[in-house]
K.L.:
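Encoded as structure tokens, here's the structure I'll be asking about.
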Amino acid sequence: MRKTTMKVAVLLVLTVIWLSGCKRAPKEAHRTEFLMDTTITITAYGSQSEQAVEAAFAEMRRLADLMNANDSNSEVALINKNAGLKPVRVSPETFKLLEMSLEYSELSNGAFDVTVRPLVELWGIGKKDKYVPSEDEIQQVLKLVDYRKIILDPQKRTVFLSVPGMGIDLGGVAKGYAADQAKEVLKKYKVNSALIGAGGNIWAMGVRPDGQKWRIGIRHPRPETGNQLMAVLPCQDVTVVTSGDYERYFVRDGMRYHHIFDPRTGRPANKLISATVVGTNSAEADILSTALFVLGAEQGQTLIGKLEHAGAVLMTPESQVFKAGSHLSELELVYEEGKTSDARR
Ligand code: AMP
Ligand code: MG
């Protein structure tokens with residue numbers, strides 16, 4: 001009897017050893033592509049990680065084709081071509097994103113405004129024909145920048161830009177939306193641990209394969225000061241989105257002209273040099289990071305304070321760092337909050 005018990009015990013131990021030997025580390029898939037004018041990287045873990053990453057990129061490519069204002073075949077280009085002419089019927093996704101954009105235009109008092117397209121074209125940031133326009137030129141173009149002149153018809157699902165020459169640009173929200181969609185695709189393939197990076201948009205899904213939180217670094221906007229990062233945030237199931245004046249810019253006569261415009265002045269916004277938003281919806285965080293970048297530290301903190309479900313880390317041109325809102329309890333700041341550091345303009 002005792003012998004049988006011993007045998008069973010040995011067999012059990014052997015089975016446990018064999019099973020633990022079978023439990024392999026989750027399969028990693030990693031891929032980088034240039035899409036939506038930026039480098040997109042996905043690292044995913046799971047038994048179907050390869051197929052998951054493949055499908056997530058296919059989805060992001062589809063969205064890029066739909067929403068790229070520079071592609072004459074896109075829906076956004078069609079809306080712009082018909083400005084002042086007629087309403088254009090669009091896909092549910094483009095419609096939803098425009099509805100969301102308008103909601104946040106109201107909330108941010110027009111700091112976020114997708115009708116900035118004529119300003120983007122005038123300044124030519126990120127293109128060869130960049131130049132600094134005159135105040136007159138800016139004022140002319142500003143007549144076309146007003147989100148209240150977008151007419152949405154939810155029944156017909158149409159978009160109408162009511163003034164000829166108007167144009168929309170989803171550059172401030174599309175990457176975030178694409179990251180959200182990529183995350184949903186990964187989930188369908190049972191991926192619970194992944195990192196999606198789309199320009200300044202990051203989705204940290206689950207935790208790392210070693211069970212630790214992802215550690216997301218927020219870039220220092222002026223690395224020439226010797227600091228590569230301004231903060232590090234341990235993350236689990238959150239999205240972290242940064243707008244910065246270092247992403248697309250040119251320097252003329254010692255002035256930095258970048259790609260985020262203040263719709264009230266028609267000039268690159270100058271109250272912040274970096275705005276990061278942490279939340280659970282990347283399209284929303286993307287809109288908010290652009291909006292906060294325009295609003296500045298004071299009004300930006302007030303806006304985040306109203307939302308409860310998002311947090312923000314901001315840096316002023318004097319390199320003062322401010323934080324507000326949720327998801328930031330573990331934030332590791334390189335500088336003390338509110339203290340001026342050594343970043344140059
Ligand atoms: P982001 O890097 O997310 O802040 O987005 C910047 C991009 O959004 C620019 O390249 C423009 O295409 C567009 N954009 C610039 N200024 C604004 C603004 N005030 N509101 C909405 N979109 C903007
Ligand atoms: Mg944005």
Side-chain angles (χ1 to χ4, degrees), residues 36-40 64 67-71 74 76-77 80 97-98 100-127 130 138 141-142 144-150 166-180 197-203 218-219 221 239-250 257-279 281-296 299-300 303-304 310 312 314-315:
M36 299 182 130
D37 237 1
T38 195
T39 306
I40 301 193
M67 295 176 182
N68 178 3
N70 295 320
D71 173 354
S74 73
V76 167
N80 293 347
L97 222 52
L98 281 171
M100 192 176 178
S101 298
L102 295 192
E103 188 190 319
Y104 284 91
S105 295
E106 288 286 346
L107 206 64
S108 65
N109 276 325
F112 185 82
D113 189 332
V114 290
T115 65
V116 291
R117 178 77 186 162
L119 279 174
V120 173
E121 285 181 333
L122 178 69
W123 284 82
I125 310 276
K127 297 215 185 91
K130 59 194 169 227
I138 292 174
V141 161
L142 269 184
L144 301 168
V145 178
D146 187 349
Y147 66 93
R148 286 162 297 199
K149 292 175 182 161
I150 303 179
M166 272 180 82
I168 57 171
D169 186 322
L170 296 181
V173 56
K175 287 195 285 284
Y177 181 68
D180 283 331
N201 295 248
I202 290 166
W203 241 117
I218 303 174
R219 268 176 69 177
T239 178
V240 182
V241 182
T242 299
S243 288
D245 71 351
Y246 51 86
E247 289 172 45
R248 276 188 195 105
Y249 69 95
F250 65 90
Y257 298 99
H258 62 83
H259 68 311
I260 306 170
F261 296 101
D262 185 334
R264 292 158 296 197
T265 63
R267 296 173 179 277
N270 59 10
K271 291 190 176 139
L272 292 174
I273 57 176
S274 174
T276 296
V277 173
V278 189
N281 179 311
S282 204
E284 185 202 33
D286 199 351
I287 291 179
L288 284 172
S289 71
T290 308
L292 297 195
F293 191 97
V294 173
L295 287 173
Q299 291 177 37
L303 176 58
I304 283 293
L314 313 171
M315 189 184 259

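Since the structure is predicted, the reported quantities are computational estimates derived from the model, not experimental observations. Counting convention: from 1, in listed order, for ligands and their atoms alike.
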K.L.:
Between L142 and L119, is the side chain to side chain contact (heavy atoms under 4.5 Å, CB included) condition met? List the steps.
P.N.:
CA-CA 7 Å; L142 269 184; L119 279 174; 4.2 Å; yes
K.L.:
Mind checking the CZ-CG spacing from F261 to D113? Nearest 0.5 Å is all I need.
P.N.:
12.5 Å
K.L.:
Among protein heavy atoms, which sits nearest to atom 2 (O) of ligand 1, and what does the distance come to when rounded to 0.1 Å?
P.N.:
H259 NE2, 3.4 Å
K.L.:
Before giving the answer on side chain to side chain contact (heavy atoms under 4.5 Å, CB included), spell out for V114 and L97 the whole-Å C-alpha distance, their side-chain angles and the decisive distance to 0.1 Å.
P.N.:
CA-CA 10 Å; V114 290; L97 222 52; over 6 Å; no
K.L.:
To the nearest 0.5 Å, how far apart are OH in Y104 and CG in D286?
P.N.:
12.0 Å
K.L.:
Show the atoms of ligand 1 that are less than 4.0 angstrom away from any heavy atom in I260.
P.N.:
4 (O), 15 (C), 16 (N)
K.L.:
Side chain or backbone of E247 under 4.0 Å from ligand 1, or both, or neither, by non-hydrogen atoms?
P.N.:
side chain
K.L.:
Please classify the A111 to ligand 1 contact at 4.0 Å (heavy-atom distances, strictly less than): side chain, backbone, both or neither.
P.N.:
backbone
K.L.:
So between S101, G172, G110, whose heavy atom ends up nearest atom 13 (C) of ligand 1?
P.N.:
G172
K.L.:
Tell me whether Q299 contacts the main-chain N or O of G296 through its side chain, where contact means a donor paired with an acceptor under 3.5 Å.
P.N.:
no
K.L.:
Taking distance alone, with no angle check, do D286 and ligand 1 share an N/O pair under 3.5 Å?
P.N.:
yes
K.L.:
Check V173, L102, L107 against F112 for a side chain to side chain contact (heavy atoms under 4.5 Å, CB included) and give me the one that passes.
P.N.:
V173
K.L.:
T115 side chain to I168 main-chain N or O, any donor-acceptor pair under 3.5 Å?
P.N.:
no
K.L.:
Okay, side chain of D180, backbone of N281: is any donor-acceptor separation there less than 3.5 Å?
P.N.:
no
K.L.:
Polar contacts were defined as any N/O atom of the residue lying under 3.5 Å from an N/O atom of the ligand; does this apply to D169 and ligand 1?
P.N.:
yes
K.L.:
Would you say F261 touches ligand 1, if touching means a heavy atom closer than 4.0 Å?
P.N.:
yes
K.L.:
Just to check, does G200 reach to within less than 4.0 Å of ligand 1 when the distance is taken from its heavy atoms?
P.N.:
no
K.L.:
Output yes if G172 passes the N/O/S-under-2.8 Å test against the Mg ion (ligand 2); output no otherwise.
P.N.:
yes
K.L.:
In terms of ring plane angle, is the pair Y257 and W123 parallel, tilted or perpendicular, where the classes change at 30° and 60°?
P.N.:
tilted
K.L.:
For T242, is at least one N or O under 3.5 Å away from an N or O on ligand 1?
P.N.:
no
K.L.:
What protein heavy atom is closest to atom 23 (C) of ligand 1, reported as residue, atom name and distance in Å?
P.N.:
V116 CG2, 3.6 Å
K.L.:
Examine distances only and state if a side-chain atom of N201 and a backbone atom of A198 form a donor-acceptor pair shorter than 3.5 Å.
P.N.:
yes
K.L.:
Kindly report the OD1-the Mg ion (ligand 2)-OG1 angle for D286 and T290 respectively, rounded to 10°.
P.N.:
170°
K.L.:
Numbering the atoms of ligand 1 from 1, which are under 4.0 Å from a heavy atom of P263?
P.N.:
19 (N)
K.L.:
In terms of residue, atom name and distance, what is the protein heavy atom nearest to atom 1 (P) of ligand 1?
P.N.:
T290 OG1, 3.3 Å
K.L.:
Is it the side chain (CB and beyond), the backbone, both or neither of D113 that lies under 4.0 Å from ligand 1, heavy atoms counted?
P.N.:
backbone
